[in-house]
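A short worksheet on the structure shown next.
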Amino acid sequence: LSLSPSPPACGTHPPVQRVHYSLEMGAPASKLCSGPCCSGMLAAVQNRTRRLAVDQAQVGSMEEALRIDREHEGSWTPSPKAESAVGAGIWTSPVPRWTSSASRDDEGAAFELVMADLDSDDLQSRYLPEPRREGQPAAKRSKYEVEQLVASPGSLPQPLFPDAQFSAAHSGRPVRPTATSAMLARVPREFLESCTPEAQALRRRLLRGATVVFASAGYPGKRFVFELAAALGIKSVVIDHPDSWSRGLVEEGIIAKFLPVDMSQTSEEVFQQSCSLIQKLGSDGLTGSVDGVTTFVELAVPLAARLCERFGLPGMTPGSVDAARDKHRTRAAMAKAKLPTPRNLLIRSETELFAAGKFVGFPAVLKPISGAASLGVKKVESMDELRACYREVVSELAALVVCSGALARDDGSGGINASRMIDLSVLLEQYIDGQEVDVDIVFSDGDWRYAAVTDNGPTFEPYFNETWGLMPSLLTKDKQSSLKELAIASVKALGFTSGVFHVECKYSSTGPQLIEVNARMGGGPVRDVNRFVWGVDLVEEAIICALGIPSRPVVPEKPITCIAYYFINAERSGRVVSTASIEALRQEPGVLAAESFVKPGDVLVGRRDGLATWLGSLVVSANCSDNALAHLLRLEGELVVEISD
């Protein structure tokens with residue numbers, strides 16, 4: 001049977017202690033705080049005259065709560081075109097037709113399914129940015145991108161609380177009064193903490209009219225984030241480089257404002273310019289003052305966290321974000337919390353290889369501690385392999401450039417040289433055997449409110465390239481429970497109390513083990529898979545968390561459908577001749593999407609020659625996980641993509 005992704009019952013968690021603040025905006029620092037903890041927020045709260053009366057009368061019924069108005073929200077509203085682009089009701093749980101004959105063990109649930117509104121076009125052209133074509137000049141991108149890719153957090157301001165556990169202890173810091181917090185103060189807590197459709201409607205009502213800043217729009221495939229925000233009535237403000245595709249969303253009526261920031265600057269300069277622009281929001285009457293800051297882009301997570309801290313807004317603390325992005329610090333936090341931790345040792349120079357190999361043992365995995373994505377991550381089987389691989393990895397990292405916002409090997413076509421900024425330290429870690437899974441988690445008020453397990457297919461070693469995913473999981477309920485418990489404990493160990501997380505784990509021969517915690521919603525099909533299977537929209541929940549509204553997703557007792565997806569890896573190196581065979585899969589029964597990531601003429605890396613190129617993706621649905629996976633693997637096994645030498 002599928003393991004429920006929600007806690008056993010809403011309201012069973014111990015109550016969270018809340019502190020109410022009544023702050024006179026523009027008051028002297030001594031009136032706000034006598035210690036240093038508010039120093040990073042003073043710039044945001046001074047020179048304002050609005051007062052929040054948190055002790056004003058609360059409403060007495062849900063009907064009254066749904067009629068609470070937002071003050072000073074600004075005149076901009078999403079266009080009707082933007083609202084209809086999302087589709088009515090796609091973030092509410094569809095109602096499946098269950099059969100009484102469902103009689104499966106822990107390996108899956110059988111049920112009849114009514115498929116509705118699963119438009120395959122909704123899944124297409126979303127999972128990867130457009131690849132650079134041969135002969136196309138590489139975009140020369142920013143110092144900011146380089147810092148966040150290879151030396152995060154770069155020159156961004158230091159966190160007020162750099163230690164993860166200390167950060168968690170102070171996560172209840174005084175926050176800046178906003179229009180949203182004024183509305184929340186009028187709503188009884190029990191109304192907001194309910195897991196009913198009526199309570200979710202109230203949470204959406206509180207979102208309407210909020211001014212939310214998005215730190216970076218990402219690539220065009222993330223357009224759905226802003227379409228959903230528009231459908232929810234949110235006044236979205238995007239901070240990005242002047243040439244970002246998202247600038248056009250203003251004219252389309254999807255976002256309220258586009259704030260151009262010169263991303264060729266350092267991270268510190270980007271941060272300061274962003275603060276200056278956010279400070280002015282609401283002055284023209286188009287939007288209100290900032291209610292929340294969030295991002296769905298990995299590189300912008302440290303920036304968004306620091307903007308939240310500077311303006312005293314709800315959000316992830318920079319200390320926790322930085323610890324999650326540093327593999328060595330993550331392992332240290334796990335060990336401190338007495339959670340399962342593979343043997344590991346930091347290697348700063350070649351002279352430390354022997355001691356590291358002797359301590360960790362073989363097989364092992366060598367990985368850069370910086371945010372260098374999959375580049376440099378490799379499995380090693382012996383001391384000789386470790387020496388050779390270390391030299392290869394260091395040489396590879398030293399030759400990196402940034403092209404179009406991503407790390408790439410320098411092929412002479414342009415980009416910013418990253419070698420002088422990247423930390424060449426690497427982590428040698430005990431190899432973890434077993435099946436890999438993803439656990440998508442929603443945290444709110446210091447505890448988990450949703451956690452769903454996705455099975456991952458075997459990666460292509462030694463470079464660990466992903467293959468397929470499946471939700472609901474086929475693992476036994478006991479294994480799913482232990483993986484969820486570890487993922488949730490890992491998020492807590494890093495000091496997080498609220499937000500959406502994509503946690504990667506393995507169920508090994510010694511039990512569950514953590515791979516990494518991503519302090520953001522997962523990319524690729526993650527949002528769609530959770531939405532279709534459990535009716536939970538992670539974009540919506542992330543925005544709810546960013547505004548300080550309690551998140552309590554409404555989760556059905558059983559899965560709505562079963563989804564399997566495949567990332568098609570290039571079997572051999574060469575050039576693409578045709579992708580017609582991938583597009584032809586769209587005509588197959590049960591296929592929701594079949595999308596090409598490459599075009600004829602593109603140069604490919606085969607999986608036996610390095611980190612394989614993804615040719616495309618395939619997404620299918622079925623009435624049980626067994627059938628979904630079998631159908632997916634059959635289609636992938638029959639697929640032949642034409643590649644020339």
Side-chain angles (χ1 to χ4, degrees), residues 2-3 5 96 104 106-115 118-128 434-440 452-461 464-476 479-480 502 504 506-507 522-534 558-571 579-598 607 612-641:
S2 299
L3 187 66
R104 294 284 304 236
D106 284 346
E107 296 197 352
F111 52 89
E112 293 297 322
L113 173 71
V114 177
M115 296 292 289
L118 297 188
D119 184 356
S120 62
D121 289 340
D122 190 43
L123 295 175
Q124 307 236 358
S125 305
R126 298 236 284 221
Y127 301 150
L128 287 178
Q435 180 175 341
E436 185 171 337
V437 303
D438 297 330
V439 186
D440 295 300
V453 178
T454 300
D455 292 344
N456 287 344
T459 57
F460 288 134
E461 295 181 356
F464 302 99
N465 223 23
E466 296 178 36
T467 53
W468 55 260
L470 176 70
M471 181 189 279
S473 170
L474 287 175
L475 292 171
T476 64
K479 288 183 178 180
Q480 289 186 57
H502 184 69
E504 299 173 26
K506 270 190 173 184
Y507 197 91
V526 166
R527 183 248 183 167
D528 289 314
V529 170
N530 283 272
R531 185 163 59 99
F532 289 156
V533 175
W534 291 110
K558 297 180 180 180
I560 300 162
T561 183
C562 298
I563 299 287
Y565 60 89
Y566 200 98
F567 288 115
I568 305 165
N569 287 261
E571 287 295 320
T579 59
S581 58
I582 297 178
E583 282 84 22
L585 291 172
R586 298 172 188 168
Q587 308 305 316
E588 293 284 339
V591 172
L592 296 181
E595 183 71 7
S596 300
F597 297 157
V598 295
R607 65 185 184 90
T613 304
W614 277 347
L615 302 179
S617 67
L618 174 63
V619 184
V620 306
S621 67
N623 66 345
C624 73
S625 292
D626 289 320
N627 291 344
L629 182 58
H631 186 41
L632 178 83
L633 296 179
R634 181 183 66 79
L635 292 175
E636 190 279 331
E638 296 172 355
L639 177 67
V640 177
V641 179

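All values derive from a computational prediction rather than experimental measurement. Numbering starts at 1 and runs along the sequence shown.
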Next on the checklist: Pair Leu470, Ser625 - check side-chain contact (heavy atoms from CB on, under 4.5 Å), show working.
Outcome noted: CA-CA 7 Å; Leu470 176 70; Ser625 292; 4.0 Å; yes
Look up atom [atom1] in [X] and atom [atom2] in [Y], then write down how far apart they are to the nearest 0.5 Å.
X: Glu504; Y: Asn456; atom1: CD; atom2: CG; value: 7.5 Å
X: Thr561; Y: Phe532; atom1: OG1; atom2: CZ; value: 9.0 Å
X: Leu639; Y: Tyr566; atom1: CG; atom2: OH; value: 9.5 Å
X: Asn530; Y: Thr454; atom1: CG; atom2: OG1; value: 6.0 Å
X: Glu595; Y: Thr579; atom1: CD; atom2: OG1; value: 9.0 Å
X: Leu618; Y: Phe567; atom1: CG; atom2: CZ; value: 11.0 Å

So, the side chain of [X] versus the backbone of [Y]: is there a donor-acceptor pair under 3.5 Å, distance only?
X: His631; Y: Pro589; result: yes
X: Asp455; Y: Val453; result: no
X: Thr613; Y: Ala570; result: no
X: Gln480; Y: Leu475; result: yes

What heavy-atom pair brings [X] and [Y] nearest, and what distance separates the two atoms?
X: Val591; Y: Arg586; answer: CG1-CA, 4.1 Å
X: Ala628; Y: Val620; answer: O-CG2, 3.5 Å
X: Gly457; Y: Thr467; answer: C-OG1, 3.4 Å

Is there side-chain contact between [X] and [Y], with at least one heavy-atom pair below 4.5 Å?
X: Glu638; Y: Glu588; result: no
X: Trp468; Y: Leu633; result: yes
X: Arg607; Y: Glu571; result: yes
X: Ile560; Y: Trp534; result: no
X: Glu466; Y: Trp614; result: yes

Item to check | Stepwise side-chain contact (heavy atoms from CB on, under 4.5 Å) check, Val529 with Asp440 | outcome: CA-CA 10 Å; Val529 170; Asp440 295 300; over 6 Å; no
